[in-house]
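What follows is a single structure, written as structure tokens, with notes after it.
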Amino acid sequence: MLSFTTVLVAALLGSTAVIAAPPPPSADSDIVGKLRLAATAVDRINLLPDDKQFTFDFFDPANKPVTGAGGHLVLANSGNFPAVIGNGVAMAVGLLEACGINTPHTHPRATEVQYSVNGTISTGLITENGGRFIMTELKPGGMTLFQKGSIHFQANTGCEPALFVSSFNAEDPGVLQAGQRFLGLSPDIVAATLGDIGVEQVEGLDEIIPDSIAQGTDECLKRCGITRVKQQTTQRQPRVSGNAFPSGVTASAWPVASKY
Ligand SMILES: *[C@@H]1O[C@H](CO)[C@@H](O)[C@H](O)[C@H]1NC(C)=O
């Protein structure tokens, strides 16, 4: 049964309801189920009779990318490339437009190794409480690693698109965008965590967090002569009763709104 709060929240959210990012197309669940239940690796091989089932084309538009104003990324995992099932690996290819950033995120189930194909990509990493911040600059041919569960980002600091390839030691590495997920917690908890900044400061904040891959720093955009555009915010955390904004709270006007 719908509670009064749920109905109220739904009414309040109304036109601004969050559209969650569409999940990547999934493989036939029947074959995934069979592969997961197979007794041996040989059984899994023989469940995939077509050689084409062992290739994945990162440039095929049918393999829907995660897209933002600063680039896009395609992931091959157990959902869209069942050949990985039982092998504990996945792979992603990302194209960062000039100044694009794959915004800070974690992979809850995998360590990542990232190879820079071209361009110059800066990466930043924090593994856990007490671990120092690690920053790298990857030239073409450079590689770095992001530990399982670490918060990390990739930023193209150049004025041309940059391509990278990432491998994961899990079939379903998962991704958790740090900004969107943190601001999707209960607003009063977020406000208190940030030093009691006030719920009105939190309200509206997630609405300005751009989808990854996002446009990057002002410094880079200026240097490359790129104008910042209004970016989509579909990756924010949907509001349910537990993380709804208290009624009567008005969002403080975030300066970004007036930038466009
Ligand atoms: C890197 O490769 C991508 C994909 O082919 C291309 O679009 C981009 O322009 C290249 N960047 C550089 C700096 O060569």
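Counting starts at 1 for both ligands and their atoms, in listed order. What's counted below: heavy atoms across the whole structure, side chains too, no hydrogens, waters or symmetry copies.
- Ring geometry, His152 versus His107: the interplanar angle falls from 30° to 60°, so the pair is classed tilted.
- Scanning the protein heavy atoms around atom 2 (O) of ligand 1, the nearest turns out to be Asn118 ND2, 2.4 Å.
- The shortest contact between atom 8 (C) of ligand 1 and any protein heavy atom is with Pro161 O, 3.6 Å.
- Around atom CD of Gln53, more than 12 heavy atoms belonging to other residues, nucleotides or ligands sit under 6.0 Å away.
- Annotation: Asp51, atom CG; neighbour count of heavy atoms from other residues, nucleotides and ligands within 6.0 Å does not exceed 12.
- Ion pairing between a basic and an acidic side chain is recognised when a charged N comes within 4.0 Å of a carboxylate O; Asp43 and Lys34 show no such pairing.
- Counting atoms of ligand 1 from 1 in the listed order, those under 4.0 Å from a heavy atom of Glu160 are 12 (C), 13 (C).
- Scanning the protein for heavy atoms near atom 5 (O) of ligand 1, the closest one is Leu163 CD2, 4.7 Å.
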